[in-house]
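Just so you know, ligand 1 is whichever comes first in the structure, and atom 1 is the first atom listed for that ligand.
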Amino acid sequence: MAPAAVAVAGAFPFRLFSAEAARRNAKSARGRRGAARPAKPSPPPPALSSSSAVVIGRGATTFTRLPLRDAAPESAEVTLERFPTAQGDPGRRAAPAVPRGGSLPRLGVEEAEDDNDEEAVFGSPAGSSVHRMPLRDSPGGGERPIGRFDARAARKGLNGRASSRQIVEHLEDGDEEEEEEEFVVTRLEIFEGHKGRNARAIPSEELDDDDGAVVFDPDFGVDSDDDEEEEFGTAPIEGTPRGDANARAELDELDFDGEDDGEAEVVVFYPDGDDDGEDEEEGVFEANFADDEEEEAEGEVKEKGVPAVMRCFDTARIYTRAGDGGNGVVAFRREKYVPHGGPSGGDGGRGGNVYVEVDGDMNSLLPFRKSVHFRAGRGAHGQGSQMAGAKGEDVVVKVPPGTVVRSAAGDIELLELMKPGQRALLLPGGRGGRGNAAFKTGTNKVPRIAEKGEKGPEMWLDLELKLVADVGIVGAPNAGKSTLLSVISAAKPTIANYPFTTLLPNLGVVSLDFDATMVVADLPGLLEGAHRGYGLGHEFLRHSERCSVLVHVVDGSGQQPEYEYEAVRLELELFSPSLVDKPYIVVYNKMDLPEASDRWNMFQEKLQAQGIEPYCISAMNRQGTQDVVYAAYKVLQKEKQRAKEAQEWNNTENLNHVADAIKKERSAAMNDFEISHDKSTNTWTVVGAGIERFVQMTNWDYTESLKRFQHVLEACGVNKTLVKLGVKEGDTVVIGEMEMFWNEEPQRTSPSKTARDDDAVRWPKFS
Ligand SMILES: Nc1nc2c(ncn2[C@@H]2O[C@H](COP(=O)(O)OP(=O)(O)OP(=O)(O)O)[C@@H](O)[C@H]2O)c(=O)[nH]1
Ligand SMILES: [Mg+2]
């Protein structure tokens with residue numbers, strides 16, 4: 001276990017076995033990873049229950065994605081829909097055209113008339129596609145009733161990615177065609193193939209060889225976040241022509257009980273909501289079985305659940321990593337007639353940088369649902385003849401205007417990117433390691449040492465989109481906010497007589513004149529108790545944080561307009577005190593309705609008592625709206641002027657400060673370190689950005705590195721400090737990735753190690 005100590009004769013009291021240890025560590029880490037991946041698929045899921053869901057359409061089958069990360073709150077809403085069948089064309093039936101990632105498919109359920117089986121289609125309310133899967137053996141297409149289906153995934157098997165095993169069992173036929181029944185009984189196995197994992201459908205005994213089989217491709221259409229592409233192949237079962245089926249099945253279990261008044265229970269595997277794990281943990285899918293517990297919680301979910309589309313529209317978590325620097329190399333010039341050509345190993349190339357750039361064409365963070373990882377390329381290694389390695393490829397993360405970038409760890413605001421074209425260097429690539437040509441000195445003309453490239457920094461980022469609007473329209477649900485926006489601008493927001501029509505902010509440009517325009521945002525409705533999650537919650541209010549002016553619309557036809565007004569004000573304050581400090585205009589709407597006009601005077605008086613002059617309008621009839629526009633514009637101009645003056649004070653915006661901080665940390669002095677001691681394991685840990693970076697860049701393949709390392713430890717005072725703190729023979733010393741043993745008596749070194757020391761080149765002795 002204990003690695004041999006390496007000593008440098010007579011020079012330093014300090015020994016290391018670093019290279020070994022580092023390698024060993026890496027190996028065991030790999031081993032751990034490997035172990036997480038079972039060689040065989042996990043055992044088959046339990047037997048089907050009679051209430052298993054039916055998922056297969058007639059003649060052709062449709063498997064779809066179920067709601068993924070948003071499954072939990074949404075599952076209650078998923079219902080199944082009867083699927084129309086195109087006669088005589090088993091492989092090609094009219095699947096509902098659901099655009100990928102587009103609008104939400106409407107899902108519904110209907111019972112098949114003849115038996116208790118259901119036929120179903122399901123799509124994801126979170127906007128996924130519906131895929132078709134032809135079942136070759138369903139002649140005649142249309143008339144076949146559906147069988148039972150139970151797709152169940154092995155949890156967290158196979159690298160934790162979604163699901164491994166599905167069983168489609170026993171498709172029963174209708175009464176009429178007894179002989180042709182049971183056309184697909186399939187089990188899906190996922191196994192490790194030499195090209196990654198594969199999926200295979202295994203027919204049960206009931207299947208003839210020439211029966212069709214269904215092959216699921218659990219990862220079909222899902223972006224693999226990992227570098228290692230994890231594609232599931234579809235594999236034909238014996239006797240089945242290839243490419244029969246290509247359905248996707250992110251869905252894992254769908255339990256549906258027809259009797260249960262159409263309440264579909266959907267069980268989905270979905271990635272751990274936060275996606276914040278390390279690489280290894282990516283895509284850990286968790287089973288979320290809809291059960292009684294969930295039903296209990298249902299009420300709560302309805303109150304608190306922010307619709308998925310809203311959540312993903314304006315927030316995202318992404319991973320960024322700058323490229324590692326390339327390694328420097330050791331090389332010597334060898335040429336005829338040039339004796340002792342000297343060192344000629346080139347430096348490694350610099351790793352690629354990570355930039356964040358504002359793309360004016362983007363207006364939401366939805367693209368980050370699909371791609372989460374942004375890694376810059378690594379620098380190429382140096383080469384002989386003093387050739388430096390090529391620079392790694394940069395990566396540019398494009399974000400919409402109004403994006404705030406935070407580091408996920410620590411929730412520190414890093415950047416606020418407002419204007420299209422703005423570009424920030426976020427993570428600088430690692431420096432390339434120096435080749436031996438760079439180590440040539442007067443005393444060492446034949447250096448056999450080169451550095452490794454510096455590791456590129458990595459960071460998880462939380463992105464948040466705040467709309468860039470001048471004026472924000474706030475108010476209770478159904479107050480007429482969208483109506484107001486629609487009459488003052490060309491925007492066409494959805495207007496309907498029910499609360500929470502607006503789920504995503506709508507933007508409209510209001511032009512008063514040729515050069516006088518302002519951007520107005522109509523925000524979702526705000527309820528009393530929003531801070532506790534009522535209605536849509538109040539998270540979306542962050543969109544209004546950037547507005548300079550708020551227009552508060554009050555529904556005059558409501559029961560108590562003043563009360564409603566106060567409640568919304570309070571919610572604004574609870575969300576952010578800075579919001580209530582913004583200048584605002586109060587607009588009393590629906591004056592055309594008698595109940596509103598009756599109460600107007602009272603409302604007006606109450607507000608005047610508070611020093612506010614409310615406006616009354618009928619948004620629907622466009623009465624009074626122009627006054628509101630002018631008033632808002634006036635306040636806006638005033639606000640802008642104020643902001644401009646304030647900005648002149650701090651107009652030294654540096655978008656690259658994150659990179660600057662990283663660079664600064666990189667240049668940290670090596671003698672700036674701290675040492676901690678763990679008594680139980682006799683371990684001393686040296687922490688310091690400079691020294692750790694040095695360790696990381698040391699290439700242990702070269703013996704001279706060892707000497708240089710010893711020298712540095714001595715020179716920067718690590719050894720001295722350790723001695724002072726009372727380090728003992730045999731204690732472990734850890735610096736960054738390195739683990740070393742302390743050896744008090746350097747003379748007692750093993751011969752094999754001293755042999756190294758007898759190298760032709762001698763490092764000057766410092767002690
Ligand atoms: N009578 C009358 N009805 C109005 C007026 N303004 C809006 N409405 C109606 O009020 C209902 C709600 O209007 P929306 O503009 O959708 O209300 P909203 O505030 O955007 O509602 P949410 O988006 O759900 O928060 C619709 O049926 C409108 O037609 C008005 O001035 N008079
Ligand atoms: Mg609205």
Side-chain angles (χ1 to χ4, degrees), residues 302-307 309-311 313-314 467 469 471-510 519-531 533-544 547 550-561 563-572 575 579 584-600 603-604 614-629 631-632:
K302 270 188 186 149
E303 270 169 17
K304 287 194 177 171
V306 179
V309 62
M310 224 171 114
R311 231 176 313 150
F313 161 85
D314 60 4
L467 286 192
V471 179
I473 306 180
V474 295
N478 222 28
K481 302 179 294 296
S482 304
T483 311
L484 177 61
L485 179 73
S486 73
V487 300
I488 61 175
S489 75
K492 301 243 175 308
T494 317
I495 296 166
N497 194 11
Y498 55 82
F500 306 118
T501 311
T502 306
L503 295 179
L504 298 178
N506 299 300
L507 285 180
V509 178
V510 178
V519 180
V520 179
D522 149 44
L523 297 167
L526 196 57
L527 270 188
E528 180 183 9
H531 66 284
Y534 288 107
L536 300 175
H538 65 184
E539 277 305 295
F540 59 80
L541 277 180
R542 67 173 98 90
H543 296 302
S544 54
C547 300
L550 298 180
V551 170
H552 184 158
V553 179
V554 179
D555 184 350
S557 69
Q559 295 288 325
Q560 290 173 293
Y563 182 77
E564 177 199 301
Y565 164 77
E566 293 296 343
V568 170
R569 287 296 296 170
L570 183 66
E571 289 304 327
L572 291 177
F575 176 74
L579 270 188
Y584 66 105
I585 292 168
V586 181
V587 176
Y588 186 89
N589 189 27
K590 307 200 184 176
M591 271 299 269
D592 54 296
L593 299 174
E595 57 266 45
S597 56
D598 288 352
R599 277 185 292 231
W600 159 244
F603 183 82
Q604 190 183 26
Y615 290 78
C616 66
I617 62 164
S618 165
M620 206 168 67
N621 300 338
R622 297 175 179 245
Q623 277 167 2
T625 52
Q626 212 49 30
D627 292 345
V628 173
V629 170

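Panel detail: the Mg ion (ligand 2) has protein N, O or S atoms under 2.8 Å away, 2 in number.
The contact set between ligand 1 and Ser482, taken as ligand atoms under 4.0 Å from a residue heavy atom, comprises 15 (O), 18 (P), 20 (O), 23 (O). Atoms of ligand 1 lying under 4.0 Å from at least one heavy atom of Leu593, given by number and element, are 1 (N). Close contacts of ligand 1 with Gly525, meaning ligand atoms under 4.0 Å from a residue heavy atom, involve 25 (O).
Using a non-hydrogen distance threshold of 4.0 Å, Gly475 does not register as a contact of ligand 1.
Across every non-hydrogen atom of Ala596 and Lys590, the tightest pair is CB-O, 3.0 Å. The nearest pair of heavy atoms linking Val628 to Ile585 is O-CD1, 4.4 Å. Contact detail for Leu550 and Leu579: the closest heavy-atom pair is CD1-O, 3.8 Å.
Checked against a 3.5 angstrom limit, the closest N/O atoms of Ala619 and ligand 1 fall inside it. An N or O contact shorter than 3.5 Å is missing between Ile617 and ligand 1 by distance. Polar contact with ligand 1: absent for Ile495 (N/O pair, distance under 3.5 Å).
Contacts with ligand 1 closer than 4.0 Å are made by side-chain heavy atoms of Asn589 only, the backbone lying farther away. At a 4.0 Å heavy-atom cut-off, ligand 1 touches Asn497 through backbone and side chain alike.
No side-chain donor-acceptor contact under 3.5 Å links Glu571 to the backbone of Leu526. Checked by atom type and distance alone, the side chain of Asn589 pairs as donor or acceptor with a backbone atom of Ala619 at under 3.5 Å. With Arg569 contributing its side chain and His552 its backbone, the two residues share no donor-acceptor pair below 3.5 Å.
The shortest contact between atom 17 (O) of ligand 1 and any protein heavy atom is with Gly480 N, 3.1 Å. Looking from atom 23 (O) of ligand 1 to the surrounding protein, the closest heavy atom is Thr502 OG1, 2.7 Å. The protein heavy atom nearest to atom 3 (N) of ligand 1 is Met620 SD, 3.6 Å. Protein heavy atom nearest atom 4 (C) of ligand 1, with residue, atom name and distance: Lys590 CE, 3.7 Å. Taking atom 12 (C) of ligand 1 as the reference point, the nearest protein heavy-atom neighbour is Asn478 OD1, 2.9 Å. For atom 25 (O) of ligand 1, the nearest protein heavy atom (residue, atom name, distance) is Lys481 NZ, 2.8 Å.
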(request) Under the side-chain hydrogen bond (donor to acceptor under 3.5 Å, both in side chains) rule, what do Asn497 and Asn478 come out as? Steps first, then yes or no, please. (result) CA-CA 6 Å; Asn497 194 11; Asn478 222 28; 3.0 Å; yes

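Proximity of Ser489 to Val510: side-chain heavy atoms (C-beta onward) are separated by under 4.5 Å at one or more points. Put simply, the side chain of Leu484 does not reach to within 4.5 Å of the side chain of Asp522, judged on heavy atoms.
To the nearest 0.5 angstrom, Lys492 atom NZ is 10.0 Å from Leu485 atom CG. Taking NZ from Lys481 and CD1 from Ile495, the interatomic distance works out to 11.0 Å, rounded to the nearest 0.5 Å. The CD atom of Gln626 sits 8.5 Å away from atom CD1 of Ile488, with the distance rounded to the nearest 0.5 Å. Note that CD of Glu595 and CD of Gln559 are 9.5 Å apart. Values are rounded to the nearest 0.5 Å.
Exactly one of Leu593, Thr625, Val487, Asp592 qualifies for a side chain to side chain contact (heavy atoms under 4.5 Å, CB included) with Ser618. That residue is Asp592.
Evaluated by nearest non-hydrogen atom to atom 2 (C) of ligand 1, the leading choice among Thr483, Asp592, Ile473 is Asp592.
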